[in-house]
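Report on one structure; see the data block that follows.
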Amino acid sequence: MLTTLKTTYTDTRAADLAWCLGKDPLPALAVLDLQLDDSAVQLRLLGASHQVILEEEDGLCSETVACIPGSQTPLPLGVAKRVGAWEYEFAARVETLSRCSFAGRAQELLALVAEHPQGLAGTFPGDPHAFTALLAQRRDGQISWRTWHAYPQEGRLVATRTRVGVRMTAPL
């Protein structure tokens with residue numbers, strides 16, 4: 001699903017993004033609710049980037065990547081930790097592209113996510129290449145999502161990848 005977000009573009013630099021687990025739902029400009037087998041996944045586009053909320057019978061996992069006022073947790077390159085009964089893995093990378101390459105990559109990503117039944121993308125008014133996009137899936141008993149945050153004014157694209165799987169207990 002592709003939408004134009006009704007807000008001003010507030011993320012001004014890729015370096016302003018922060019990462020946080022466990023945050024309550026923040027006000028969203030667009031939401032996509034998904035049911036992936038026994039998992040409810042909510043993809044949320046914020047005025048300051050994204051939030052994903054995963055809920056199963058065993059618990060809840062909330063990931064926020066956004067410009068969070070007062071946050072002391074910058075966007076990490078990688079995180080692996082236990083969240084309730086789940087193993088949580090997060091990775092991020094920042095690409096710097098030329099203006100021409102950026103425009104092409106933006107169009108590819110927006111087309112990919114807009115046509116996907118488990119994808120949500122929002123463009124910001126004023127620049128067709130300023131966007132946030134999310135894509136979720138369930139495979140091999142794990143939920144995963146990818147996100148892209150575009151900063152055309154600086155030619156940077158922030159890509160994240162998250163995987164959440166049930167922790168296996170060792171046999172007795």
_Sub-4.5 Å side-chain heavy-atom contact between P152 and D127_ = yes

*asked:* Once rounded to the nearest 0.5 Å, what's the spacing between atom CG of L29 and atom OG1 of T132?
replied: 9.5 Å

*asked:* Taking E95 first and then R156, would you say they form a salt bridge - that is, a charged N and a carboxylate O separated by under 4.0 Å?
replied: no

*To the nearest 0.5 Å, tell me how far Q51 CD sits from T64 OG1.*
3.5 Å

*Identify whether L2 and L109 are in the same connected component of the hydrophobic contact network (ILVMFWY, side-chain heavy atoms under 4.5 Å).*
yes

*Roughly how far apart are H149 NE2 and L157 CG, rounded to 0.5 Å?*
9.0 Å

*Test item: L110 and W148 side chains (from C-beta on) under 4.5 Å apart, heavy atoms*: no

_Side chain proximity check, L36 to Q118, heavy atoms < 4.5 angstrom_ = yes

*What pair of heavy atoms forms the shortest contact from A136 to H116, and how long is it?*
O-CE1, 4.3 Å

*Close side-chain approach of L135 and L112, heavy atoms under 4.5 Å*: yes

*Applying the side chain to side chain donor-acceptor pair (under 3.5 Å) test to S39, which of E57, Q142, E56 qualifies?*
E56

*Does Q35 CD have over 12 foreign heavy atoms under 6.0 Å away?*
yes

*Look at the side-chain heavy atoms of Ile, Leu, Val, Met, Phe, Trp and Tyr, link any pair under 4.5 Å apart, and say whether F131 and L46 land in one connected group.*
no

_Taking V164's backbone N and O only, do any of them form a donor-acceptor pair with E87's side chain (distance below 3.5 Å, no angle check)?_
no

*Could you walk me through whether V65 and T147 pass the side chain to side chain contact (heavy atoms under 4.5 Å, CB included) test, one step at a time?*
CA-CA 9 Å; V65 172; T147 73; 5.7 Å; no

*asked:* We want to know whether T162 and E89 form a side-chain donor-acceptor pair, criterion being a heavy-atom distance below 3.5 angstrom.
replied: no

*asked:* Can you classify the ring geometry of W19 versus Y88 as parallel (below 30°), tilted (30 to 60°) or perpendicular (above 60°)?
replied: tilted

*Can you name the closest pair of heavy atoms from A150 and F102 and give their distance?*
CB-CZ, 3.7 Å

*What are the two closest non-hydrogen atoms of A92 and P76, and how far apart are they?*
CB-O, 3.4 Å

*Side chains of W145 and E63: does their closest heavy-atom pair fall under 4.5 Å?*
yes

*asked:* Could you report the tightest heavy-atom contact between A30 and L120, atom names first, then the distance?
replied: O-CD2, 3.9 Å

*Could you state whether L97 and V113 fall into the same hydrophobic cluster, counting links through intermediate Ile, Leu, Val, Met, Phe, Trp or Tyr residues with side-chain heavy atoms under 4.5 angstrom apart?*
yes

_Nearest-0.5 Å distance, SG of residue C20 to CG of residue L75_ = 12.0 Å

*Heavy atoms, side chains only, cut-off 4.5 Å: are L43 and V31 in contact?*
no

_Minimum heavy-atom separation for W86 and G59, please, with both atom names._
CH2-O, 3.2 Å

*Output the distance between atom CG (L77) and atom OG1 (T160), rounded to the nearest 0.5 Å.*
12.5 Å

*What about L32 and L54, same hydrophobic cluster or not, with Ile/Leu/Val/Met/Phe/Trp/Tyr joined at side-chain heavy-atom distances under 4.5 Å?*
yes

*Is the count of non-hydrogen atoms from other residues, nucleotides or ligands lying under 6.0 Å from R138 atom CZ greater than 12?*
yes

*Below 4.5 Å, heavy atoms only, C-beta onward: do L21 and V83 meet side chain to side chain?*
yes

*Can you tell me how far the CG atom of L134 sits from the NE2 atom of H50, to the nearest 0.5 Å?*
5.5 Å

*Tell me, do R161 and S144 make a side-chain contact under 4.5 Å, heavy atoms counted?*
no

*Report whether L34 and I53 are members of the same hydrophobic cluster (ILVMFWY, side-chain heavy atoms less than 4.5 Å apart, transitive linking).*
no

*Looking only at heavy atoms, which two atoms of L17 and C67 are closest? And how far apart?*
CD2-N, 4.2 Å

